[in-house]
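A short write-up of the structure that comes next.
These values consider heavy atoms only, across backbone and side chains, with no hydrogens, waters or symmetry-generated copies. The shown structure was predicted, so the numbers you read here are calculated from the model rather than taken from an experiment. Labels below follow one simple rule: chain letters A, B, ... track the order of the sequence lines, proteins then strands, and each chain is numbered from 1.
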Amino acid sequence: MTSYTPFSYVVINLARLIRPSEVTFSGVNSTLPMLACLVAKRAYDFNFTWLNVAGGVDAELAGPVPLSSGDAALTAGSRSIFANEDFYDLCTRGGMDLCFLGASQIDGTGATNNSVIGDWDTPKVRLPGGGGSAVMMPTLKRAATWRTEHSTRTLVDKLFFQTAKGNLQSVVTPMCVFDKREGRLAVASYHPDVTLDEIRAATGFETDISQAQPTPEPTEAELAALRSLDPDGTFEADAAIRMPEVAA
Amino acid sequence: MTSYTPFSYVVINLARLIRPSEVTFSGVNSTLPMLACLVAKRAYDFNFTWLNVAGGVDAELAGPVPLSSGDAALTAGSRSIFANEDFYDLCTRGGMDLCFLGASQIDGTGATNNSVIGDWDTPKVRLPGGGGSAVMMPTLKRAATWRTEHSTRTLVDKLFFQTAKGNLQSVVTPMCVFDKREGRLAVASYHPDVTLDEIRAATGFETDISQAQPTPEPTEAELAALRSLDPDGTFEADAAIRMPEVAA
Amino acid sequence: MTASEKLTTLEEMVAAIPNGASIGLGGSFLHRGPFAFVRELIRQGKRDLEIIKASPGYDIDILCRAGCVSRVRAGIVAMEGNFGLAGGYRKAIESGAVKLEEHACMTLTAGLRAAGAGVPFMPVGGVHGSQIAEVSGWKKIADPYGSGEEVWLIPAIRPDFAVIHAHAVDRDGNARVEGSPHWDRAMTRAARKVLVTAETLARPESFAERPELTLVPGFMTAAAVHVPQGAWPGSLAPVYDVNYEAAARYVEESADGSIAEHMAAAPEARQEEPA
Amino acid sequence: MTASEKLTTLEEMVAAIPNGASIGLGGSFLHRGPFAFVRELIRQGKRDLEIIKASPGYDIDILCRAGCVSRVRAGIVAMEGNFGLAGGYRKAIESGAVKLEEHACMTLTAGLRAAGAGVPFMPVGGVHGSQIAEVSGWKKIADPYGSGEEVWLIPAIRPDFAVIHAHAVDRDGNARVEGSPHWDRAMTRAARKVLVTAETLARPESFAERPELTLVPGFMTAAAVHVPQGAWPGSLAPVYDVNYEAAARYVEESADGSIAEHMAAAPEARQEEPA
C-alpha cells in the first residue's frame, strides 16, 4: 500500500510540475492547484514565482487556506497586486511558464472542453466555461490540468465542444500522470495501487503506456506541507476524490 | 486703451472657451492653457472638470504655479491620478469636451503642423511634434489652440506638413479669437486695439471677418485671478508675447 | 460645501436602470461583487437585462432565478468557494431562457478595452483552436505588417452601465478599491455610465492623501451609494470574508425553488426595517 | 535572508546594455525620468541606441549631443519648463544623424500595448487626416464587424529594455511609483527586460503594506539600482522639484558645444568622488 490518498496523489503530483525560477499561475475554481502551489512553496527547496487569480504574487498565507481559490487571503504578504488584466497580458506576451487550467473533458491531443455536455445550442449540461483557457492555452509555455474523476466521460476520444487547444502538457488524475509526447497524452507515471490495464480501461482516448513508471512515493516534506495546509481534512473531504471502481 | 496686455488677452480668452460641467484638458508644453484653466477655476462661478497631463483631476494648487505644465504640483489636492493612458483613452472614446493642443502652424481649415518647417525628410526646422494631437484632434469634441505670434508664418494657407486634423474649434492669438464656422476659421472677436485690416494682413489664410466683434474687456475677476497666478509677472515675461508690428 | 450631485440611494440608482439594459458587474465570483445592487434589481422586478462579467457566480445565479436576465456574456460561471456550479444559471441556459455569449475571460476584457479606447475591435492573443470563436462569429485577420501571424479580433463590448462595489466613495463619486481591481478598471472605462456602491462613505480629503488608489475618478461616476455589507454574502477583503453560511443557505434554499428568505436576510433589507 | 539577485550598480546595469539596443525611458519631460541612467549610457560611450518615449526632453537631448543615439520614436520633444525646444535633439534630426519615427503619444502607447498584450498590432482612435500615418507606413482597416468605421493599426513596439526611475525599490525588484505613472506601465509591460533605478531602497515589508502602489512586481524586474537624485536635474515629486538652475546651465553649456561640466555636476558623479 502506498502512503498516497487519492487527494494527496493529485495535489502532490500537481505540485511536482512546478519548476525552479518559473512563473506559475493558479486560477479561479482551482482549489487543488492552489494547494499544489502552496505545497511546492513549503516542501521544495527552490524559488518560483506564484501568481494567483486573487492578484497575489508570492503571497505568504497569514491564516488558514481559503475555501475559494480567488480569495484575497491569497494576497497576504504580497508585495504587489497583479490583477486579472496583468496576468492575462503576461501570458499572451509569452511570460507565463506554467498555468493550472481546469477542464471538464480532455481528449488525447490535450484539447479541452469546459463549455457543454451535448450540443452547443441545446446543451444537456451547461458547464462553467473555459475561463482564460482559450486565450492562455495557446500562449503559455505549459498548461497542466487535473481531474478528480478518471473515467471515459472525462478523458475522451472526442470532445463535445473544443473550448481550448494549445500547450496542455500534463494531466493529473487519481490514477496517473499524463504527459504530452509527440502531440498525444501518454501515461508518464501511475499510482502505485493501480495497473496500466485499469488506466487504459478508464481512459477514453488511446494512450501510450510504454514509458509509464510507478509514481514516486510522496516525500515526508510533501505530506507535511499538505497536512499543514489541510490540518482537519476539510479540503480532502470537499474534494471527495475516489478511485474509480475498476473490474480488476 | 484696453486693460488687456497681449499675455492676458491670450490667457483670458483661452479661459473663456471653458464651459460649465465639461471635461477640459491641458497638456504638456502648454503654459498658457494651464494658466487659462486656473483662471477659469478662480474667476468663474461654475464647475468643470480640469484634467491635466501631470495626472491631476481638479487639482487645487498649494503653492505657486509651476513653470512646467507637466509638473506634479498640478496634482496637488487631486483625489485621483488620471494618467496619460487614461486621458487618451477617455478622449478616443468620446469623453473629452475641450482640449488645449499646441500648434506651430494652423491653416484655414484648422489643420495643424507641429512636425517640420520645410520638407519632412530634410527639415529646415524640426519642430517638437504633435504630442497627442493626431489622436485627440479627430476624437475630442472641441480643440483650442493658441499662438503667441500672429503672423503669416504661423497662420498659413498651406501647412508644411499636416500633423493633425479634426475638431479644432478655436484659436486665440494676441490679435484675435478665431472660431470655426462652416469648416473655416473665422474671426469671432478681436483685440480692442487692433483693426480687422491688421488682422487680415497678419493672417496667411483667407478668413471671414463678417461677424467679428471687439472682444469684451477682461473682467475684474479674470484679471484678479491671473494676477494671483502670476503675481510677479514671471509667466508674462517668459511668454514674451508682443503685438505684431503692423503697418497701420 | 455644496450638496452632492452624485450620492443617491440604492432604490433610486436601480430605478434609473431600464429593462433591457446591459450591465457590467464588478468583482469576481464571491469577491467584491455589487451584490446589494443585484438584489435591488430583483426587488424592482427588472427584466430582459444583459449581464457582462468575466467570472460571475452568485450574481448571475440569483438574477437568473429571479427571471431578470435574458443575455449573459461571461468567461466562467460558478458559485465557487466549495459550492460548485451555479444551478440557477445552468438551468436558465439549458432551458434556453437565457442566451449565453461565451468568452475566454481575456476576450471579454479585449471587448471592454476596445470600448474603453473608442475603437470597434481589439486584437487578443490566443483563441486559436477554440470553437468559441466560431460560435461567436469572431473574425481573424493576418497581421498587415507581414509577420505571418493570424490574430483574432474581438468586437467592442460597451455596457450601458458598469456597476462596481468599492471600498470607499466620496460625495463626488471618487471610488477607491483595495487589493485586486479584478476587471473593474476595464469595465468602468468601457461602460456608458459608471455606478458605484461603496462599503464606506469617506471624506474627500482621504482620497487626496493617496490619489493613486482611486480606481474611478468622480467625474466618471454617474451615481454613488453608500451600502455597508454591499458585497454580502461575498467578501470585501480585508473588511469581511465570504459568509459561507449565508451562501450555503442560498444554495440550498434556491435549489428548492425560492429565494425569498435569502432576500429578506440580506443586510440592506434588514437595514430597511424599523429598529 | 538570501542575497539579492536583482540589486546591482548603475555601472553594471548599463554595462549590460549592448550598442544598438532599443531603450524605452520612463517619466515625461523633466519629470521622473531615469536621468542618472541616461548619463551613465553617455559615460560608457554607448552607440547606435534607439530611444522610445512619448515625451522625451532632457534625456534625448543629452544623448543626441553625446552621439549615443541613431533612432528615436517619440510623440513630442522639448526641454519643457521654460526652456523651449531641445536644441541637441533638433540638430541631430535636422542633420540626419538621428532618424525620427514620429508618433502621436497614443500611437506610441498603442504600439507598446500591442507588445504588452502579445499581439502584432493595436488599433488606435483618431489619426485620420494626419500625415504621420503616411510617412510611418501605418495601415488602416475597415471594421470587420461592419460599423463602416476605418481604424488605424499601429505595429507592436517592443523595446529591448524599459528603464524607469521609481520612488522606491526593494531587494527583489518590486518598484513603487507615486503620482502619475505616465507611460511607465505600458512601457514596462512591452519591453523584453525591465530595469529600475530608484530614489530609495525600501524594506520588502513596506511594499506588502500597500501592494497596490507597486507598478512593477519584482519578478518582472531584471535588475534594480538605488540611485538617489536619479531624476536630476528633473523632478521626483514630492521629494524634489526640477532643478531649474542646473537645467538652465545644461541648456547654456550644451549650446556652446560641451556637456562636460554638466556631467561632472550630476549627483551620481559627485557621489563617486572620494570625500
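Note on A:Asp71, A:Asp238, A:Asn113, A:Thr92: by heavy-atom pairs under 4.5 Å with chain C, the leading option is A:Asp71. With respect to chain C, the highest number of heavy-atom pairs below 4.5 Å among A:Thr139, A:Leu140, A:Val125 belongs to A:Val125. Among A:Glu85, A:Arg126, A:Lys165, the residue making the largest number of heavy-atom pairs under 4.5 Å with chain C is A:Arg126. Contact count versus chain C (heavy atoms, under 4.5 Å) is highest, among A:Thr75, A:Thr163, A:Thr234, for A:Thr163. Interface remark: of the candidates C:Pro181, C:Pro238, C:Gly129, C:Gly129 forms the most heavy-atom pairs closer than 4.5 Å to chain A. Ranking A:Ser133, A:Ser69, A:Gly55 against chain C, the residue ahead of the rest is A:Ser69, based on heavy-atom pairs under 4.5 Å. Looking only at heavy-atom pairs under 4.5 Å with chain A, the residue among C:Val135, C:Val242, C:Asp241 that has the most is C:Val135. Per-residue counts of heavy-atom pairs under 4.5 Å with chain A were compared for C:Arg113, C:His103, C:Arg185; the largest is that of C:Arg113. Contacts with chain C were tallied for A:Ala111, A:Ser78, A:Ser115, A:Gly70; A:Gly70 has the most, counting heavy-atom pairs under 4.5 Å.
Neither the backbone nor the side chain of C:Ser55 comes within contact range of chain A, judged by heavy atoms closer than 4.5 Å. At a 4.5 Å heavy-atom cutoff, the contact between C:Ala186 and chain A is made by backbone and side-chain atoms alike. The contact between A:Pro128 and chain C is made by backbone and side chain atoms together, counting heavy-atom distances below 4.5 Å. If you measure heavy-atom distances from C:Val127 to chain A, the contacts under 4.5 Å come from both the backbone and the side chain. Within the 4.5 angstrom heavy-atom criterion, atoms from both the backbone and the side chain of C:His182 approach chain A.
Closest approach of C:Cys105 to A:Tyr88, counting heavy atoms only: CB-OH, 3.3 Å. Here the closest non-hydrogen pair linking C:Ile132 and A:Phe161 is N-CZ, 3.7 Å. When all heavy atoms are compared, the tightest approach of C:Ala237 to A:Ala72 is CB-CB, 3.2 Å. Contact record, C:Phe29 with A:Val28: CE1-CB, 3.1 Å, taken as the closest heavy-atom pair. Minimum heavy-atom separation, C:Glu94 to A:Pro123: CG-O, 4.0 Å. Heavy-atom minimum distance, C:Ser180 versus A:Ile81: CA-CG2, 3.5 Å.
When atom types are taken as modelled, the side chain of A:Gln162 and the backbone of C:Gln131 share no donor-acceptor pair closer than 3.5 angstrom.
Taking CG of A:Asn84 as the start and CG of C:Leu108 as the end, the distance is 11.5 Å to the nearest 0.5 Å.
At a heavy-atom cut-off of under 4.5 Å, chain A is reached by C:Gly75, C:Ile76, C:Val77, C:Ala78, C:Glu80, C:Gly81, C:Asn82, C:Leu85, C:Tyr89, C:Arg90, C:Ile93 from residues 69-93 of chain C, listed in order of number.
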